[in-house]
Amino acid sequence: MRAVQVWQKGDLQQSQADWLAEEVPVALVYNGISHVVMMASPKDLEAFAIGFSLSEGIIAAPQDIFGIDIVAGCNGIEVQVELSSRRFMALKSQRRAMAGRTGCGVCGVEQLAEIGKPLQPLPFTQTFDLSHLDHALAQLRQYQPLGDYTGCTHAAAWVQPDGQLSGGCEDVGRHVALDKLLGYRSQQQWTQGAVLVSSRASYEMVQKSAMCGVEILFAVSAATKLAVDVAERSNLTLIGFSKPGRATIYTHPQRVR
């Protein structure tokens with residue numbers, strides 16, 4: 001984050017310092033070939049690279065990545081990922097040129113048919129007692145230190161079945177925050193629990209979660225119709241408006257108590 005001078009309503013004669021979150025271009029480069037540029041907070045970039053690679057189906061497991069180097073440049077940051085030969089050949093056969101931005105959606109997808117790509121149906125191995133949700137929500141701010149200063153970040157966290165948060169990540173972009181968490185989760189090998197995000201649930205949030213085997217997704221805000229469709233199709237339990245004393249279950253309620 002960076003400090004800037006601002007003026008507040010009621011006192012336009014006196015400036016004061018305020019903190020703003022940095023938002024920089026982050027290029028993911030696979031085996032020397034640039035694949036995507038996302039606007040992101042320049043932190044936890046190794047986890048972001050792993051999570052993005054998993055949630056986009058570029059890799060099946062972190063072991064498909066042989067190395068990650070983070071290189072700062074004059075206009076942004078390159079995250080240089082060394083893929084296995086098999087995964088790199090598969091990536092080249094289905095290149096996706098995407099110029100990202102905060103809340104990137106479908107920008108740059110070459111063919112409309114790539115949206116809502118088929119997902120392997122999830123198993124039904126997880127359950128969650130909604131009486132623990134309030135405890136999870138109360139901890140979410142712990143994983144937004146940048147947001148506490150700037151009010152400008154989203155968070156994604158892993159919730160254990162008892163409502164305790166195992167860890168979380170933040171970013172100016174909600175998709176990037178989720179990718180960071182998914183990458184961190186794969187490194188920690190967390191399997192029991194659910195994802196909690198501080199944002200709404202778009203179709204892409206659901207799709208990324210399902211691609212990584214997440215069975216339950218809690219969103220603090222609303223879900224879109226396409227997100228519900230994707231969740232229904234992939235067997236993911238999608239819960240929106242996750243607030244103290246409240247939750248709206250959109251799909252597969254058999255996982256919650």
Side-chain angles (χ1 to χ4, degrees), residues 1 19 21-24 26 38-55 62 68 70 79 102-104 126 128-130 132-202 204-223 227 236-244 246-247 256:
M1 58 187 178
W19 291 100
E22 288 198 40
E23 183 180 24
V24 304
V26 176
M38 305 293 291
M39 301 305 296
S41 303
K43 60 182 291 192
D44 303 321
L45 295 182
E46 181 175 334
F48 170 51
I50 296 171
F52 180 89
S53 301
L54 286 167
S55 69
I68 297 175
I70 299 172
V79 182
T102 303
C104 60
Q126 302 298 306
F128 193 89
D129 189 331
L130 289 179
H132 298 313
L133 180 57
D134 287 4
H135 180 53
L137 290 166
Q139 301 167 68
L140 192 57
R141 293 297 303 181
Q142 297 176 21
Y143 298 97
Q144 290 180 273
L146 181 60
D148 282 341
Y149 278 93
T150 66
C152 191
T153 65
H154 288 292
W158 184 255
V159 187
Q160 299 174 21
D162 63 359
Q164 188 67 30
L165 298 191
S166 298
C169 298
E170 66 176 335
D171 198 273
V172 291
R174 64 182 187 274
H175 302 113
V176 179
L178 178 58
D179 276 332
K180 288 178 177 179
L181 173 71
L182 294 173
Y184 188 47
R185 169 186 176 244
S186 73
Q187 293 175 305
Q188 302 299 316
Q189 299 183 338
W190 295 327
T191 56
Q192 301 298 308
V195 166
L196 169 63
V197 296
S198 65
S199 63
R200 66 184 176 91
S202 64
E204 194 168 23
M205 304 287 276
V206 172
Q207 186 166 273
K208 284 178 177 292
S209 298
M211 282 289 290
C212 293
V214 174
E215 296 184 31
I216 305 172
L217 174 62
F218 290 96
V220 167
S221 189
L236 181 141
T237 298
L238 178 59
I239 304 170
F241 295 110
S242 302
K243 302 178 185 297
R246 180 184 178 188
V256 296

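In terms of heavy atoms, Leu140 sits closest to Ala155 at CD1-CB, 4.1 Å. Heavy atoms only, all atoms of each residue included: Ala47 and Tyr184 are closest at CB-N, 4.0 Å. Smallest separation of non-hydrogen atoms from Ala136 and Leu165: O-CD1, 3.8 Å. Listed here is the closest heavy atom pair of Phe218 and Ser242: CD2-OG, 3.6 Å. Taking both residues in full, the closest heavy atoms of Ala227 and Ala201 are given as CB-O, 3.3 Å, listed atom of the first, atom of the second, then distance. Residues Pro161 and His132 share a closest heavy-atom pair of O-CD2, 3.2 Å.
By the 4.5 Å heavy-atom criterion applied to side chains, Val220 and Val197 are not counted as neighbours. In this structure, the side chains of Leu54 and Ser186 come closer than 4.5 Å at one or more pairs of heavy atoms. Using a 4.5 Å heavy-atom threshold, the side chains of Ser202 and Arg174 count as touching. Contact of the His175 side chain with the Ser199 side chain is not registered, since no non-hydrogen atoms from C-beta on lie closer than 4.5 Å. In this structure, the side chains of Val195 and Leu181 come closer than 4.5 Å at one or more pairs of heavy atoms. In this structure the side chain of Lys208 never reaches within 4.5 angstrom of the side chain of Met211, judged on heavy atoms. Side-chain contact between Pro42 and Glu22: present, with at least one pair of heavy atoms (C-beta onward) separated by less than 4.5 Å. Counting heavy atoms from C-beta on, the side chains of Met39 and Val172 never come closer than 4.5 Å.
Put simply, the side chain of Asp171 gets close to the backbone of Ser41: a donor and an acceptor are under 3.5 Å apart. Glu215 places a side-chain N or O within 3.5 Å of a backbone atom of Gln126 that can act as its donor or acceptor partner. With hydrogens and angles ignored, the 3.5 Å screen pairs no side-chain donor or acceptor of Gln207 with any backbone N or O of Ser55.
Taking CG of Leu133 as the start and NZ of Lys243 as the end, the distance is 11.0 Å to the nearest 0.5 Å. To the nearest 0.5 Å, atom CG of residue Leu236 and atom CE of residue Met205 are 11.5 Å apart. Distance check, rounded to the nearest 0.5 Å: CZ of Arg141 to OG of Ser198 gives 8.5 Å. Once rounded to the nearest 0.5 Å, the distance linking CZ of Phe128 with CD of Gln192 reads 12.5 Å.
A cation-pi geometry, defined here as NZ or CZ lying under 6.0 Å from the six-membered ring centre and within 45° of its normal, holds between Arg185 and Trp158.
For the side chain to side chain contact (heavy atoms under 4.5 Å, CB included) with Leu45, the qualifying choice from Ile50, Val79, Ile68 is Val79, the only one to do so. Partner of Phe48 under the side chain to side chain contact (heavy atoms under 4.5 Å, CB included) criterion, chosen from Asp179, Leu178, Leu182, Ile70: Asp179.
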Can Thr237 and Leu217 be said to form a side-chain contact (heavy atoms from CB on, under 4.5 Å), step by step? CA-CA 6 Å; Thr237 298; Leu217 174 62; over 6 Å; no

What do the steps show when you test Val159 against Ile216 for side-chain contact (heavy atoms from CB on, under 4.5 Å), and what is the final call? CA-CA 10 Å; Val159 187; Ile216 305 172; over 6 Å; no

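Side chain to side chain, Gln164 and His135 meet the donor-acceptor criterion of an N or O pair below 3.5 Å.
Salt bridge Lys43/Glu170: present, at least one basic N to carboxylate O contact under 4.0 Å.
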